[in-house]
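Please read the structure below before turning to the comments.
First listed ligand is number 1; within each ligand, the first listed atom is number 1. All heavy atoms count here, side chains included; hydrogens, waters and symmetry mates do not.
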Amino acid sequence: MHFDRDFRMAIGSALAPGAGTMAVIDPATATPFAEAPEASPADLDRAISAARAAFPGWAATPYAERAASIAALADAVERHADDFAPLLTREQGKPLAEARREVMGLATWLRAAAGMALPVTVHEDIPARYCETRHVPIGVVAAIAPWNYPLLLAAFKLGPALVTGNCVVLKPSPFTPLTSLKLGELAQSILPPGVLNVVSGGDALGPWLTAHPGIDKIAFTGSTATGKRVMASAADTLKRITLELGGNDPAIVMHDIDPAMLAPALFWAAFGNAGQVCLATKRLYVHAAVYDEVRDALVAYAAGVTMGSGIAPGTQIGPINNRVQHDRLIALIEDCRTHGYRFACGGEVPDGPGYFLAPTIIDNPPESARIVQDEQFGPILPMMSFTDYDDAVHRANSGPYGLGASIWAGDPDAAWALGQRIASGNVWVNESRPLSPLVPFAGHGHSGFGVENGIEGLLEYTLPRTSSICRTRTFGL
Ligand code: NAD
């Protein structure tokens with residue numbers, strides 16, 4: 001199979017066109033380049049019914065067989081990496097090499113889930129009595145993904161949900177539906193009908209999905225504001241939920257760092273994927289002893305980075321994914337200008353088509369600035385100086401989020417000790433975002449609810465079932 005330009009939804013055993021269509025915009029040109037199906041409530045009903053019909057058979061399929069199917073899907077994704085990657089670049093904007101890494105990440109995450117096993121806990125095993133807890137599938141899972149990593153963040157959900165015996169209805173963002181639709185199409189020849197359904201649509205589709213009584217669990221990645229709506233919508237039918245939400249990750253640079261050595265890693269921690277990463281460095285706190293040198297090294301590094309269309313060879317930073325987000329970021333830049341904050345670099349919106357924004361560093365704005373307090377989710381980095389580590393920790397821990405944090409230092413032990421004082425689900429020393437399908441990833445506070453990845457992430461797609469048997473003729477008395 002080579003990808004064609006015909007995008008259909010995977011619903012049961014069919015590839016369905018949907019009631020309407022919606023344009024998909026290439027963010028590098030700001031023009032439509034493809035059309036995706038727009039699901040109606042009836043389309044969604046059919047997808048959920050197909051998943052419900054498939055559930056008993058899939059749940060009863062031996063674990064090893066399910067795992068083999070998911071590993072086969074991973075192999076198919078890898079074989080089609082050269083088809084997926086340019087499509088991902090066109091709809092998302094990221095450079096082709098990064099798109100390819102994301103596609104390979106999808107395969108890696110699926111394969112890792114296929115290799116995981118559910119624990120069985122035996123509580124008692126004596127002649128008179130046996131008692132154990134196993135983990136059974138929940139039912140039909142709604143997997144909802146954002147537009148920054150459409151395939152990877154779908155993979156966080158699909159592998160664990162499917163291998164544990166659930167059926168899935170995957171809903172990509174309206175900005176990036178195409179690669180997910182192709183994934184659904186690919187899965188049609190590998191998984192039994194109805195096990196993985198993919199529906200695309202406009203802004204109404206998410207709320208229809210989360211309120212639908214045919215859904216048993218919602219696995220959601222997106223903004224905190226939407227996450228709260230998802231949680232409220234799940235309450236009525238007591239759906240299980242996993243929420244991976246926004247963040248405002250701090251990085252702390254200690255006094256003994258080598259600024260020139262640090263600059264490339266720190267730059268990409270903040271500006272990778274044009275800053276559209278939940279775990280991007282979004283606030284940078286630098287010890288006053290090295291502040292000027294770190295700023296100047298970052299600015300010098302930024303000057304050598306190539307921004308452009310993700311398809312063009314050599315591009316390191318692509319466009320912002322969509323108009324709404326581009327406008328939001330421009331408003332944040334205007335706010336910095338209005339308040340008279342210094343721009344160490346960037347700040348201009350390039351002329352011409354596409355949603356581009358040059359890497360921008362705001363030099364020592366006050367802690368109360370919007371660019372410090374809000375999640376920017378784009379290539380604008382505020383950097384602030386500090387002299388006292390207690391103060392740095394206090395500022396890093398302020399705000400409602402608690403997703404990730406990094407500490408950068410010459411003395412890794414001192415950095416480790418400082419990191420342990422940061423209130424977030426992930427803390428890294430001298431590295432950024434070392435994600436693995438085998439390592440649990442969770443947000444604290446307003447950054448999330450529940451866990452993805454690792455055994456903890458696998459268990460989120462199951463319900464515990466405790467069974468016991470009395471082996472004597474006394475019926476437990
Ligand atoms: P978003 O919340 O606008 O949308 C996410 C998904 O939810 C999309 O598929 C969207 O169509 C759907 N949706 C929108 N409204 C809905 C509703 N009422 N009910 C159900 N679904 C609905 O987020 P976004 O703009 O696509 O992504 C950016 C945000 O995602 C940022 O805040 C970022 O930090 C966060 N994010 C978090 C993680 C993480 O793992 N914690 C990872 C990536 C992105």
For this session: For the residue pair T221 and K157, confirm or rule out a side-chain donor-acceptor distance under 3.5 Å.
Result: yes
Problem set entry | Nitrogen or oxygen atoms of L245 and ligand 1 under 3.5 Å apart | yes
Seminar exercise, completed: For T226, the ligand 1 atoms with a heavy-atom partner under 4.0 Å come out as 1 (P), 2 (O), 3 (O), 13 (N), 14 (C), 15 (N), 16 (C), 17 (C), 22 (C)
For this session: Report yes or no: does F175 have a heavy atom closer than 4.0 Å to ligand 1?
Result: no
Exercise. What's the shortest distance from atom 38 (C) of ligand 1 to any protein heavy atom, and which residue and atom give it?
Worked result: C278 CB, 3.0 Å
Exercise. What protein heavy atom is closest to atom 12 (C) of ligand 1, reported as residue, atom name and distance in Å?
Worked result: I144 CG2, 3.8 Å
For this session: Considering only non-hydrogen protein atoms, determine which one is nearest to atom 30 (O) of ligand 1 and report residue, atom name and distance to 0.1 Å.
Result: G222 C, 3.0 Å
Problem set entry | atom 27 (O) of ligand 1 touched by protein heavy atom at under 4.0 Å | yes
Exercise. For atom 23 (O) of ligand 1, which protein heavy atom lies nearest, and how many Å away is it?
Worked result: S223 N, 3.4 Å
Exercise. Would you call G448 a ligand 1 contact, heavy-atom distance under 4.0 Å?
Worked result: no
Seminar exercise, completed: Contact region, L205 to ligand 1, non-hydrogen atoms below 4.0 Å, reads neither
Exercise. When rounded to the nearest 0.5 angstrom, what distance separates CG in D249 from CG in L284?
Worked result: 12.0 Å
Exercise. Does a donor on one side chain and an acceptor on the other come within less than 3.5 Å for S424 and N426?
Worked result: no
Problem set entry | Side chain, backbone, both or neither: the part of T221 lying under 4.0 Å from ligand 1 by heavy atom | both
Seminar exercise, completed: If we number the atoms of ligand 1 from 1 as shown, the ones under 4.0 Å from a heavy atom of V230 are 19 (N), 20 (C)
For this session: Any atoms of ligand 1 less than 4.0 Å from a non-hydrogen atom of G246? List them with their elements.
Result: 32 (O), 34 (O)
For this session: Find all atoms of ligand 1 within a distance of less than 4.0 Å from any non-hydrogen atom belonging to F441, and give their numbers and elements.
Result: 40 (O)
Exercise. Does L153 approach ligand 1 within less than 4.0 angstrom via side chain, backbone, both or neither, non-hydrogen atoms only?
Worked result: side chain
Problem set entry | Donor + acceptor pair across side chains of T179, E91 (<3.5 Å) | yes
Exercise. Starting from atom 18 (N) of ligand 1, which protein heavy atom do you reach first, and at what distance in Å?
Worked result: P207 CG, 3.5 Å
Problem set entry | Any donor-acceptor N or O pair under 3.5 Å, side chains T242, K217 | yes
Exercise. Can you name the ring-ring contact (aromatic ring centres under 6.0 Å, His included) partners of Y149, sequence neighbours left out?
Worked result: none
For this session: Can you pull out the closest protein heavy atom to atom 21 (N) of ligand 1? Residue, atom name and distance to 0.1 Å, please.
Result: G206 CA, 3.4 Å
Exercise. Could you go step by step and tell me if F267 and Y301 meet the ring pair (Phe, Tyr, Trp, His ring centres under 6.0 Å) rule?
Worked result: CA-CA 8 Å; F267 181 88; Y301 188 85; 5.1 Å; yes
Exercise. If you measure only the distance, is there a donor-acceptor pair under 3.5 Å linking the side chains of D335 and T338?
Worked result: no
Problem set entry | Identity and separation of the nearest protein heavy atom to atom 44 (C) of ligand 1 | N148 ND2, 3.6 Å
Problem set entry | Contact check: W147 vs ligand 1, nitrogen or oxygen atoms, below 3.5 angstrom | yes
Exercise. With a 4.0 Å cut-off on heavy atoms, does F220 reach ligand 1?
Worked result: yes
Exercise. Which word best sums up how the rings of W147 and F175 line up, parallel for under 30°, tilted for 30 to 60°, or perpendicular for over 60°?
Worked result: perpendicular
Problem set entry | Test side-chain contact (heavy atoms from CB on, under 4.5 Å) applied to A269 - qualifying residues, sequence neighbours left out | T281, W408, S432
For this session: Using a strict 4.0 Å cut-off to heavy atoms of P174, name the atoms of ligand 1 that fall inside it.
Result: 11 (O)
Problem set entry | Heavy-atom pair with the smallest gap, counting every atom of L152 and E102 | N-OE2, 3.1 Å
Problem set entry | N321 and H326: side chain donor to acceptor below 3.5 Å | no
Exercise. When you measure from the side chain of S447 to the backbone N and O of G402, does any donor-acceptor pair fall under 3.5 Å?
Worked result: yes
Exercise. Does any N/O atom on A145 come nearer than 3.5 Å to any N/O atom on ligand 1?
Worked result: yes
Problem set entry | Heteroatom distance test (K171, ligand 1): nitrogen or oxygen, under 3.5 angstrom | yes
Exercise. Polar-atom distance check: E375 versus ligand 1, any N or O pair below 3.5 Å?
Worked result: yes
For this session: Could you check whether the rings of F156 and W109 sit parallel, tilted or perpendicular, using 30° and 60° as the cut-offs?
Result: parallel
Problem set entry | Atom indices of ligand 1, in the order listed, that fall short of 4.0 Å to a heavy atom of T210 | 20 (C)
Exercise. Taking only heavy atoms of L403, which atoms of ligand 1 are found under 4.0 Å from at least one of them?
Worked result: 41 (N)
